[in-house]
S.K.: 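Mind having a look at this structure? Questions to follow.
Naming: A, B, ... by sequence-line order, numbering from 1 per chain.
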Amino acid sequence: MILIPTSSSSSSYSCCSLPQASFSSNSYPSNQSLFLSKSAYPIRHGSRKLKTLRLRANFWESIRSGFVKNNNNTTQLVEPPSTTEEDEDTEPLLPVEFTLVERTLQDGFIEEIIFSSGGEIDVYDLQTLCDKVGWPRRPLTKLAAALKNSYMVATLHSVLKPSSEGDNEQQQQQQNKKLIGMARATSDHAFNATIWDVLVDPEYQGQGLGKALVEKLVRALLQRDIGNISLFADSQVVDFYQNLGFEADPEGIKGMFWYPK
Amino acid sequence: MLLGGPISTPPPSLRLRATSNPQNAAAQPSQASFQRQPPIYSITDEDLQSKGFLLRRTPEGLNLDHLNSVFVAVGFPRRDTGKIEVALRHTDAMLWVEYEKTRRPVAFARATGDGVFNAIIWDVVVDPTFQSLGLGKAVMERLIEDLRRKGICNIALYSEPRVLGFYRPLGFVSDPDGIRGMVFVRKQRNKK
């Protein structure tokens, strides 16, 4: 397990998980299912078509080339085309909340790892999580405000339930729900989004959860038509994000900070 | 906080203001609770006004078509004005310079963020006809000051290579501690 805490009290970017290849591990039962939908949005399991591997028009490229779409009227839209229409064919709309992993533990309990982009997060739980990964403390009121002002807050929760047959409502309420990961993005709701504060509980690191967290967050942002998704990565996690489709210093563009500590 | 000048200890009367942490009384620009000294800018507001440049901090009076023209003039893509409007509504702080004679924007910058910890500065532009007058610097200095006054101490931006020299004298450092700016460019090739 690799812990990569941030070294400054300001929210410099840090991630705490080194990815592993996939979810398939010896300890998981063979009947695990990924991406079980829990919400109204159905996910087409078997019929998931191969995504059209098109390079999304790079924001920086569009700056440089300044390509023009229409030439009839004076107000020309030169933004990269929205992928929403294309995604409908190649990618199902991401539900707000769904199960990432379900596994049976040694003591007979069933553990579900649930991803949510709904932003429901207890700020005390978050502070506990930040403590666990070794981040310096930030005032709770500021934490709460930062979450509230974030465009999207993605969370990973672990839900434990006994493996008895009847999964009735009462048992649902008795579940143990624990925050084990979070990532958030700020945005202007139109052009740019920036991802901050990616963290995964050390006990759950090394399972690909950090990767899933970021991947789903990115997908949710893309489906909201945010064309430019950026982040600042500590040197140790640059590879992690490269594997997720991020490019460092694209076209020589450099991240800069004002008088960093 | 002094911009572009030596760091000095503020006079005792100013120390009584603002800072919640007495240990941070010595003025250092990187401390979260900084001294609320009157800001010192390279060009003063009055100086700018005397030359016909008015400083604006809200989208009121900002013609988005004119703004688009400035974007295009510096090589940015022209954008949908409806989207620009949305973006400006969700912007933490912005600053633009209006040229009195034409009532048009000639310089612009905006910052997004979470309002408490982090801010990123986007779309820093100066109309080519009005470059090298110090307008870009004027906008940046004030935007930074406005963000700092809100308590935001992590201010970042993405700079094209040819303007790194513009941001450095303002106090920006590229890749501090090896931190790299990254942008999403493609969906991952390996599907789980």
Side-chain angles (χ1 to χ4, degrees), chain A residues 7 9-13 22-23 34 51 53 55-56 58-60 62-64 66 75-79 138 142 145-146 149-150 186-192 194 196 215 218 228-235 238 241 243-250 252-261, chain B residues 29-30 32 65 68 72 75-81 83-92 110 112-118 120 122 144 151 153-161 164 167-168 170-192:
Chain A
S7 54
S9 60
S10 72
S11 178
S12 78
Y13 191 61
S22 68
F23 287 110
L34 300 175
K51 271 190 293 229
L53 262 187
L55 263 179
R56 233 195 114 81
N58 189 314
F59 177 72
W60 307 110
S62 64
I63 286 181
R64 212 173 48 175
T75 54
Q76 300 162 335
L77 292 178
V78 288
E79 275 187 278
R138 295 181 282 188
K142 283 200 162 185
N149 296 332
S150 295
T186 57
S187 170
D188 57 17
H189 299 220
F191 303 116
N192 310 301
T194 309
W196 305 96
E215 197 259 329
V218 167
N228 185 41
I229 302 172
S230 61
L231 54 83
F232 296 97
D234 284 348
S235 48
V238 170
Y241 290 104
N243 290 335
L244 283 164
F246 287 85
E247 185 182 323
D249 304 341
I253 288 168
K254 299 296 257 169
M256 300 185 91
F257 286 83
W258 192 78
Y259 286 113
K261 295 187 185 113
Chain B
S30 55
D65 288 315
N68 252 333
V72 169
F76 285 9
R78 184 182 294 273
R79 296 151 161 176
D80 175 56
T81 48
K83 270 195 145 182
I84 299 182
E85 213 178 334
V86 172
L88 292 184
R89 255 188 284 134
H90 297 100
T91 280
D92 268 15
R110 65 184 178 101
T112 61
D114 55 26
V116 280
F117 299 129
N118 313 304
I120 309 223
W122 305 98
I144 292 168
C153 53
N154 192 32
I155 301 169
L157 53 83
Y158 295 91
S159 169
E160 289 183 36
L164 289 168
Y167 291 111
R168 261 190 229 113
L170 291 163
F172 288 91
V173 177
S174 61
D175 299 353
D177 281 339
I179 295 178
R180 309 280 293 282
M182 303 183 83
V183 172
F184 185 76
V185 294
R186 66 170 187 276
K187 299 193 204 280
Q188 60 180 114
R189 297 253 165 89
N190 320 317
K191 275 244 10 145
K192 283 191 279 291

S.K.: Can you check whether B:Ile120 reaches A:Trp196 side chain to side chain, under 4.5 Å on heavy atoms?
M.R.: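 They are in side-chain contact.
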S.K.: Which pair of non-hydrogen atoms, one from B:Ile179 and one from A:Asp234, has the smallest distance, and what is that distance?
M.R.: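 Taking every non-hydrogen atom into account, CG1-OD1, 3.5 Å.
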S.K.: With a 4.5 angstrom heavy-atom cut-off, is it the side chain or the backbone of B:Thr112 that approaches chain A, or both, or neither?
M.R.: side chain
S.K.: Okay, side chain of A:Trp258, backbone of B:Leu170: is any donor-acceptor separation there less than 3.5 Å?
M.R.: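 Flag set: sc A:Trp258 to bb B:Leu170 pair under 3.5 Å.
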S.K.: State, to 0.1 Å, how close B:Gly151 and A:Lys142 come at their nearest heavy-atom pair, and which atoms those are.
M.R.: O-NZ, 4.1 Å
S.K.: Minimum heavy-atom separation for B:Tyr167 and A:Met256, please, with both atom names.
M.R.: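 Looks like CB-SD, 3.7 Å.
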S.K.: Checking heavy atoms, do the side chain of A:Val218, its backbone, both or neither come under 4.5 Å from chain B?
M.R.: side chain
S.K.: Do A:Phe191 and B:Ile84 come close enough that some side-chain heavy atom pair is under 4.5 Å?
M.R.: yes
S.K.: Report the distance from atom CD of B:Glu160 to atom NZ of A:Lys254, rounding to the nearest 0.5 Å.
M.R.: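 It is 14.0 Å, given to the nearest 0.5 Å.
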S.K.: Give the member of B:Arg168, B:Arg89, B:Met182, B:Arg180 that has the highest number of heavy-atom pairs under 4.5 Å with chain A.
M.R.: B:Met182
S.K.: Which heavy atom of A:Arg138 sits nearest to which heavy atom of B:Phe117, and what is that distance?
M.R.: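 Residues A:Arg138 and B:Phe117, closest heavy atoms: CD-CZ, 3.6 Å.
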S.K.: Can you tell me how far the NE2 atom of A:His189 sits from the CD atom of B:Glu85, to the nearest 0.5 Å?
M.R.: 14.5 Å
S.K.: Return the minimal non-hydrogen interatomic distance between B:Val116 and A:Ala145, and the atom names on each side.
M.R.: CG1-CB, 3.9 Å
S.K.: If we only count heavy atoms from C-beta on, is the A:Thr194 to B:Trp122 side-chain gap below 4.5 Å?
M.R.: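 Yes; the side chains approach each other to less than 4.5 Å.
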S.K.: Let me confirm one number: the CG-OG distance from B:Leu157 to A:Ser230, rounded to the nearest 0.5 Å.
M.R.: 11.0 Å
S.K.: Is there side-chain contact between A:Asp188 and B:Arg110, with at least one heavy-atom pair below 4.5 Å?
M.R.: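 Result yes, sub-4.5 Å side-chain heavy-atom pair found.
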S.K.: Heavy-atom pairs under 4.5 Å with chain A: which of B:Val173, B:Ile155, B:Val72 has the most?
M.R.: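 Greatest number of close heavy-atom pairs with chain A: B:Val173.
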S.K.: I need the minimum non-hydrogen distance between A:Gly252 and B:Pro161, along with the two atoms involved.
M.R.: O-CD, 3.5 Å
S.K.: Measure the CG-OG distance between A:Asp249 and B:Ser159 for me, rounded to the nearest 0.5 Å.
M.R.: 11.0 Å
